[in-house]
Amino acid sequence: MSGKRLGVFGGTFNPIHLGHLHIAQEFARLLSLDEVLLIPAAVPPHKAAKDLAPGEIRLELCRLAVQEQPLCSVSDVELRRGGKSYTADTLHILSEERPKDHLYLLMGEDMFLTLQEWRRPEEIWSTADICAAPRSRDASEKLQAQKQALEARGARVHLCPISFLPISSTLVRETVRKGKPIDKLVPWSVASYIAAHSLYRITEEA
Ligand code: ATP
């Protein structure tokens with residue numbers, strides 16, 4: 001029996017938002033993925049961890065968000081491992097656990113443009129196809145140039161024409177801090193969990 005086409009979607013997910021779900025669905029459709037695995041990072045190596053909610057809360061929010069997403073599931077592989085979450089290690093574990101599956105590493109423009117700076121990048125693209133979605137309005141030249149640069153180093157790259165939703169976790173956290181509604185930015189289940197647990201309320205001067 002042939003293996004699955006598995007999308008691997010890592011991130012801080014602090015918190016998960018509709019931009020994440022939108023690209024997960026669109027990648028799945030455009031690349032005919034059988035499954036998309038969302039993997040919240042334990043400690044994000046690529047960005048500062050300001051306002052980072054505990055791992056178990058980010059995991060729970062991801063689980064709530066995918067309840068109505070039939071292709072998506074959530075993995076705690078990075079949170080269980082603890083320490084810094086390196087994608088090369090995660091892909092290595094997944095490829096050993098699921099040797100028949102073909103891995104597609106899903107990411108937005110900002111992450112894609114820095115891929116060669118990640119820990120052991122060659123291992124990343126030898127284990128998974130690299131799949132990128134735009135995250136700005138006029139991304140196409142930058143994305144094309146990066147695709148060519150990575151392909152010259154042996155990567156298999158898919159630039160996916162996914163419409164861009166101007167949502168970020170930073171925007172969600174700022175909106176909560178201002179006391180404004182976030183129901184247009186996150187699924188309702190995530191919005192109600194954030195409200196019920198008073199998440200992301202702490203101000204900087206505290
Ligand atoms: P923050 O605002 O805290 O930096 P974020 O919104 O960038 O967070 P992450 O969890 O860091 O969210 O992102 C995980 C992945 O999802 C990254 O590959 C990122 O590029 C991608 N991504 C997040 N939001 C979008 C979006 N609106 N459009 C396209 N890609 C996105």
Side-chain angles (χ1 to χ4, degrees), residues 7-31 33 36-55 57-66 69 72 74-76 78-79 84-88 90-91 103-118 121 124-125 128-140 142-143 146-147 150 157-178 182 184-187 190 194 199-200 202 204:
V8 179
F9 186 18
T12 321
F13 300 116
N14 184 40
I16 189 164
H17 55 68
L18 293 175
H20 294 128
L21 295 176
H22 171 65
I23 67 168
Q25 282 165 353
E26 285 295 277
F27 276 128
R29 185 175 68 80
L30 293 163
L31 298 164
L33 303 178
V36 175
L37 205 53
L38 273 67
I39 310 182
V43 179
H46 312 296
K47 46 171 76 179
K50 204 167 66 165
D51 279 357
L52 185 66
I57 290 192
R58 291 181 288 116
L59 185 74
E60 178 62 15
L61 291 173
C62 287
R63 288 192 170 133
L64 290 171
V66 303
Q69 306 284 329
C72 292
V74 181
S75 164
D76 63 357
E78 292 193 353
L79 290 168
K84 285 194 172 187
S85 303
Y86 290 112
T87 302
T90 304
L91 290 174
L103 306 187
Y104 293 83
L105 184 64
L106 314 179
M107 66 190 75
E109 173 185 339
D110 50 326
M111 292 292 112
F112 178 63
L113 293 178
T114 62
L115 187 59
Q116 66 281 3
E117 292 155 29
W118 298 14
I124 295 178
W125 58 68
D129 284 23
I130 307 300
C131 313
R135 212 180 165 179
S136 60
R137 303 234 174 266
D138 46 6
S140 100
K142 276 183 286 182
L143 294 176
Q146 174 73 338
K147 173 178 156 74
L150 295 178
V157 177
H158 308 265
L159 295 183
C160 292
I162 296 174
S163 63
F164 152 65
L165 291 187
I167 301 178
S168 66
S169 297
T170 304
L171 176 65
V172 176
R173 296 192 302 273
E174 281 172 5
T175 307
V176 171
R177 215 176 290 131
K178 288 179 190 156
I182 53 170
K184 301 273 191 307
L185 305 176
V186 299
V190 170
I194 288 174
L199 302 178
Y200 302 117
I202 300 124
E204 289 304 306

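First listed ligand is number 1; within each ligand, the first listed atom is number 1. Since this is a predicted model, take the numbers as computed values, not measurements.
Interface atoms of ligand 1 facing M111, defined by a heavy-atom separation under 4.0 Å, are 17 (C), 18 (O), 20 (O). Using a 4.0 Å cut-off to heavy atoms of S169, the atoms of ligand 1 that qualify are 1 (P), 2 (O), 3 (O), 5 (P), 6 (O), 8 (O), 12 (O). Those atoms of ligand 1 with a heavy atom of I23 less than 4.0 angstrom away are 29 (C), 30 (N), 31 (C). Taking every non-hydrogen atom of R173 and a distance limit under 4.0 Å, the qualifying atoms of ligand 1 come out as 3 (O). Remark: ligand 1 atoms within the under-4.0 Å shell around heavy atoms of F13 are 10 (O). Interface atoms of ligand 1 facing H17, defined by a heavy-atom separation under 4.0 Å, are 6 (O), 23 (C), 24 (N). Listed by atom number, the atoms of ligand 1 under 4.0 Å from P134 heavy atoms are 29 (C). Close contacts of ligand 1 with D110, meaning ligand atoms under 4.0 Å from a residue heavy atom, involve 19 (C), 20 (O).
Looking only at side-chain heavy atoms (C-beta outward), W118 and T87 come within less than 4.5 Å of each other. Side-chain contact between L150 and F112 is present, with heavy atoms from C-beta onward closer than 4.5 Å.
Under a 4.0 angstrom heavy-atom cut-off, P166 registers as lying outside contact with ligand 1. Judged by the shortest distance from any of its heavy atoms, N14 lies outside the 4.0 Å radius around the atoms of ligand 1.
Residue contacts with ligand 1 for A133 are absent, since no atom lies close enough (heavy atoms, distance under 4.0 Å).
The shortest N/O to N/O separation between F164 and ligand 1 does not fall below 3.5 Å. Here's the thing with T170: one of its N/O atoms is less than 3.5 angstrom from an N/O atom of ligand 1. At a 3.5 angstrom cut-off on N or O pairs, I167 counts as close to ligand 1. Residue contacts with ligand 1: G11 is placed with no nitrogen or oxygen under 3.5 Å of a nitrogen or oxygen of the ligand (distance criterion only). Polar contact with ligand 1: absent for F9 (N/O pair, distance under 3.5 Å). Residue T12 has at least one nitrogen or oxygen atom sitting less than 3.5 Å from a nitrogen or oxygen atom of ligand 1, judged on distance alone.
Considering M107, R135, E174, R58 only, the shortest heavy-atom separation from atom 23 (C) of ligand 1 involves R135.
Remark: E174 pairs with no residue by the side-chain hydrogen bond (donor to acceptor under 3.5 Å, both in side chains) rule, at least two apart or across chains. Take E60 and apply the salt bridge (Lys or Arg N to Asp or Glu O under 4.0 Å) test, not counting sequence neighbours, and it matches no residue.
Checked by atom type, the side-chain pair E109/Q146 shows no donor-acceptor distance below 3.5 Å.
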Show, in sequence, the C-alpha distance, side-chain angles and deciding distance for L31 and C131, and conclude whether the side-chain contact (heavy atoms from CB on, under 4.5 Å) test is met. CA-CA 9 Å; L31 298 164; C131 313; 3.7 Å; yes

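Between the side chain of R58 and the main chain of A41, a donor-acceptor pair closer than 3.5 Å is present.
Contact detail for S75 and L37: the closest heavy-atom pair is CB-CG, 3.9 Å.
Here the options are L61, V186, L59, L64, the test is side-chain contact (heavy atoms from CB on, under 4.5 Å), and the partner is I16; only L61 passes. A side-chain contact (heavy atoms from CB on, under 4.5 Å) with L199 is found for one member of I194, N14, V176 and no other, namely I194.
H17 and H20 have parallel rings, their planes meeting at less than 30° on a 0 to 90° scale where 60° marks the start of perpendicular.
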